[in-house]
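Notes to accompany the following structure.
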Amino acid sequence: MEKNYAQILKGIPSVEPRAVLYSNILAKIEKIQVLMARLRLALWSTLVLSTAIGFGYSYTYLVRELSSSDFFQYLSLVFSDGGIAMLYGKELLLSLVETIPLFSITVVLFGGFVLLGGLVSMVRDSRKAFYKFA
Amino acid sequence: MDKTDQQLVTEHLDGDEKAFHGILKRYLKPIYAFIYRLTDNQDMSEDIAQDTFIKVWKNLDKYDTKYSFKTWLYTIAHNTTLDWLKKKKAIVFSSFEDSEGENYFTTSLADNTLLPDELFLQEENKKLLTESLDKLPLLYKEILTLHYQQELSFIEIAHIVNKPLETIRSQHRRGLILLRKILTDTNAPKN
């Protein structure tokens, strides 16, 4: 019985979609991609702006901390009097480590990476948000 | 050589925009034909097909490559179509079902008779076949379309409509019995 029906049912003509359906689907997908890119761009812009402000402040603070500490003075000893630096190397190294504003440097580096990453993402999403796909 | 479905999916997930075009080209016609069989409405079928492929595009990263892509795609089409039909309140119950949803013809007819030979021979009967298929209840129509026109196995159909395999086999038999009843009644000489 099934072979009988298989023959009949396979013979039923298949309905074809209109030619425009294919391009309509792709156009809708492109629209969604552009919208998502614009949303991401807005989010990245906010993040980059706030990170840039934070980076600016933390960088200024780092420079102030470095100039108020004795770090540069110890460091300049290495270049001005290499002999003394070699002789008292261990003590000099300890002094450098003690005076370096490690926390501020970490904050500035972290902020810098986030800012850079945000800028790269902004560039990528701005291309998708404002240019048609090929 | 044509790429497999899995290859196209992998390429799409790797960032190749054109890979999805390949999936769309391959499946747009059969999916549309399947949806149209259930809705019998061109505009609605186009909207549902569009929704289906957008869902496929959005969820390709969730597709498990262990399973058949075709089955996954038809499952999305099936669910999207039912959602649309429910929203439009367009699920029409067949006149062959009683108030409990049981089909009294399928329980009373013998099922071992072939269809009349002339049904195979006459081109104009294609319209008759299409009309007869449209009169079937939605589930029977869906199973017969998926099995004979989309060439899916009963296991795949069971997965798509989320029913046990034995239920699908039984509904398939009932669908054929009812189809035979409709065809023979329509083709019977009128007194």
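Numbered from 1 within each chain, the chains take letters A, B, ... in sequence-line order. Because only heavy atoms are used, hydrogens play no part in the values below, and waters and symmetry mates are left out as well, while side chains stay in.
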Practice item. Would you mind listing every salt bridge (charged side-chain N to carboxylate O under 4.0 Å, His left out) that reaches into residues 12-25 of chain A, with sequence neighbours excluded? Key: A/E16-B/K29, A/R18-B/E46
Exercise for review: With a 4.5 Å heavy-atom cut-off (strictly below), which parts of residues 66-81 of chain B touch chain A? List them by number.
Suggested key: none
Practice item. Treating Ile, Leu, Val, Met, Phe, Trp and Tyr as nodes and any side-chain heavy-atom pair under 4.5 angstrom as an edge, say whether A/Y61 and A/V63 lie in one connected cluster. Key: no
Review point. For atom OH of A/Y22, is the number of surrounding heavy atoms from other residues, nucleotides or ligands below 6.0 Å larger than 12?
Key: yes
Study note, to complete from the structure: Bottom line for B/Q149: the part with an atom under 4.5 Å from chain A's heavy atoms is side chain
Review point. What distance do B/H21 atom NE2 and A/I29 atom CD1 have between them, rounded to the nearest 0.5 Å?
Key: 7.5 Å
Practice item. Give me the contact list for residues 54-64 of chain B versus chain A, heavy atoms only, anything under 4.5 Å, ordered by residue number. Key: B/I54, B/W57, B/K58
Point to revise | Residues forming a salt bridge (charged side-chain N to carboxylate O under 4.0 Å, His left out) with A/D125, sequence neighbours excluded | key: A/R40
Review point. Is A/L116 reachable from A/W44 through a run of hydrophobic residues whose side-chain heavy atoms are each under 4.5 Å from the next?
Key: no
Check your understanding: Are A/F110 and A/V120 joined in one hydrophobic group, where the rule is that I, L, V, M, F, W and Y side chains link up if heavy atoms are under 4.5 Å apart?
Key -> no
Check your understanding: Are A/Y57 and A/L62 joined in one hydrophobic group, where the rule is that I, L, V, M, F, W and Y side chains link up if heavy atoms are under 4.5 Å apart?
Key -> no
Point to revise | Contact class of B/L133 relative to chain A, heavy atoms under 4.5 angstrom | key: side chain
**Study point:** From CG (B/L28) to CG (A/L21), nearest 0.5 Å
**Key:** 5.0 Å
Point to revise | Segment of B/F34 engaging chain A (4.5 angstrom heavy-atom cut-off) | key: neither
Exercise for review: Answer with yes or no whether the hydrophobic clustering places A/L119 together with A/L49; edges join I, L, V, M, F, W, Y residues whose side-chain heavy atoms lie under 4.5 Å apart.
Suggested key: no
**Study point:** CG on B/D47 to CG on A/N24, rounded to 0.5 Å
**Key:** 9.5 Å
